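The structure appears right after this line, and notes come after that.
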Amino acid sequence: MPPASRPVGVLGGTFDPIHYGHLRPALEVLELLDLAEVRFIPCRIPAHRDTPSISAEQRLELVRLATAGQPSFVADDRELRRPGPSYMVDTLASLREEIGVAPLCLIVGGDAFRELHTWRRWQELTDLAHLVVMQRPGASQALLPPALEDFIAPRVIQEPAALRGQPAGRVLFQPVTQLAISATQIRRLLAQGQSIRYLLPEAALAYIHDRALYRSDASPTSAT
Ligand code: ATP
């Protein structure tokens with residue numbers, strides 16, 4: 001059997017803006033699962049929520065700034081290069097073409113995971129990647145929507161090492177330090193003129209302040 005290659009991690013999101021609630025759990029997943037890298041992939045047009053208040057290019061730039069100092073964190077612009085809404089199933093297919101048979105891990109937060117059955121062609125996601133759910137330590141998986149529960153149950157594994165044995169198809173619930181930070185909270189604080197310091201990296205904070213992003217008096221595209 002050929003030696004198992006290190007999995008590639010994918011964290012997709014709106015990143016409106018990126019914050020430590022994304023970065024710290026992703027770093028723990030990188031290390032605990034011994035991933036080759038984590039690709040942060042901002043969506044161009046979110047499929048499941050309102051239009052973000054800053055441009056996709058600005059969200060990508062924030063991801064670049066926030067991940068710059070961390071080896072194995074990669075800002076990936078593929079969804080910005082694709083027209084139309086950003087569907088994760090298309091993103092995974094394009095990554096799969098690029099990396100061949102290496103294991104691919106789609107990393108999602110517990111909140112995003114509970115909505116998985118609403119994603120486009122969601123049952124194909126595990127044909128393309130493993131699923132790694134970032135969980136608060138001790139969190140229960142109770143009360144998942146039945147369609148999701150039935151789909152996930154036969155795929156769940158307990159040990160990260162099992163992700164290396166095949167390119168896709170397994171589901172791992174990975175406890176990580178969870179920080180109760182959300183992009184919504186950051187946008188709200190900025191709109192109210194309050195500080196966002198220590199919620200996201202300084203370089204991202206400086207970019208937001210320099211361009212007066214997310215201020216209640218700025219229109220979606222005026223803050224460039
Ligand atoms: P918003 O508040 O605008 O909904 P968000 O902070 O949840 O945004 P997203 O870009 O929507 O950020 O999230 C991208 C991914 O990161 C999702 O899988 C989400 O579940 C996960 N995530 C977001 N915030 C956290 C957090 N504090 N801890 C763990 N995972 C998170």
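Since we're looking at a predicted model, the values are computed, not measured. Both counts, for ligands and for their atoms, begin at 1 and track the order of listing.
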Check: F173 ring centre within less than 6.0 Å of F113 ring centre: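 Between F173 and F113, the centre distance is under 6.0 Å.
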side-chain contact (heavy atoms from CB on, under 4.5 Å) partner of L23, the single match among I18, L11, I181, L200: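 Of the listed residues I18, L11, I181, L200, the side-chain contact (heavy atoms from CB on, under 4.5 Å) partner of L23 is I18.
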Atoms in ligand 1 flagged as close to [X], the criterion being non-hydrogen separation under 4.0 Å:
| X | result |
| --- | --- |
| T184 | 1 (P), 2 (O), 3 (O), 4 (O) |
| V108 | 18 (O) |
| D111 | 19 (C), 20 (O) |

Per-residue contact class, [X] against ligand 1 - non-hydrogen pairs under 4.0 Å:
| X | value |
| --- | --- |
| I18 | neither |
| M134 | side chain |
| I181 | backbone |

Salt-bridge criterion met for R6 and E37 (N-O under 4.0 Å):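 No salt bridge links R6 with E37.
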NZ/NE/NH1/NH2 to OD/OE distance under 4.0 Å, E98 and R39: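 Salt bridge present between E98 and R39.
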Check contact between [X] and ligand 1, using heavy atoms of the residue and a distance below 4.0 angstrom.
| X | result |
| --- | --- |
| T14 | yes |
| H19 | yes |
| P42 | no |

Proximity winner for atom 27 (N) of ligand 1, if only heavy atoms of L116, L179, V133 are counted: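 Of the listed residues, L179 has the closest heavy atom.
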Closest to atom 17 (C) of ligand 1 (judged by heavy-atom distance), picking from S53, A112, P17, A26: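 Closest candidate by heavy-atom distance is A112.
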Within one Ile-Leu-Val-Met-Phe-Trp-Tyr cluster: F151 and V108, side-chain cutoff 4.5 Å: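 Same cluster: F151 reaches V108 through Ile, Leu, Val, Met, Phe, Trp or Tyr contacts under 4.5 Å.
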S94 vs R82, side chain to side chain donor-acceptor pair (under 3.5 Å): CA-CA, chis, key distance, verdict: CA-CA 11 Å; S94 93; R82 213 168 59 218; 4.8 Å; no
Quick check: does [X] get an N/O under 3.5 Å from an N/O on ligand 1?
| X | value |
| --- | --- |
| G13 | no |
| R187 | yes |
| F15 | yes |
| G109 | yes |
| I107 | no |
| G12 | no |

I208 side, atom CD1; D210 side, atom CG - distance, nearest 0.5 Å: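 Between I208 CD1 and D210 CG, I get 10.0 Å after rounding to 0.5 Å.
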Spatial distance of atom OG1 (T177) from atom CD (E28) [nearest 0.5 Å]: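 Going from the OG1 atom of T177 to the CD atom of E28 covers 3.5 Å.
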Close side-chain approach of V89 and L128, heavy atoms under 4.5 Å: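 Of all side-chain heavy-atom pairs linking L128 with V89, at least one is under 4.5 Å.
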Aromatic plane relationship, F40 with F15 - under 30° parallel, 30 to 60° tilted, over 60° perpendicular: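 Tilted.
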Exam field: side chain S5 to backbone A102, donor-acceptor pair closer than 3.5 Å: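 No: the side chain of S5 does not pair with the backbone of A102.
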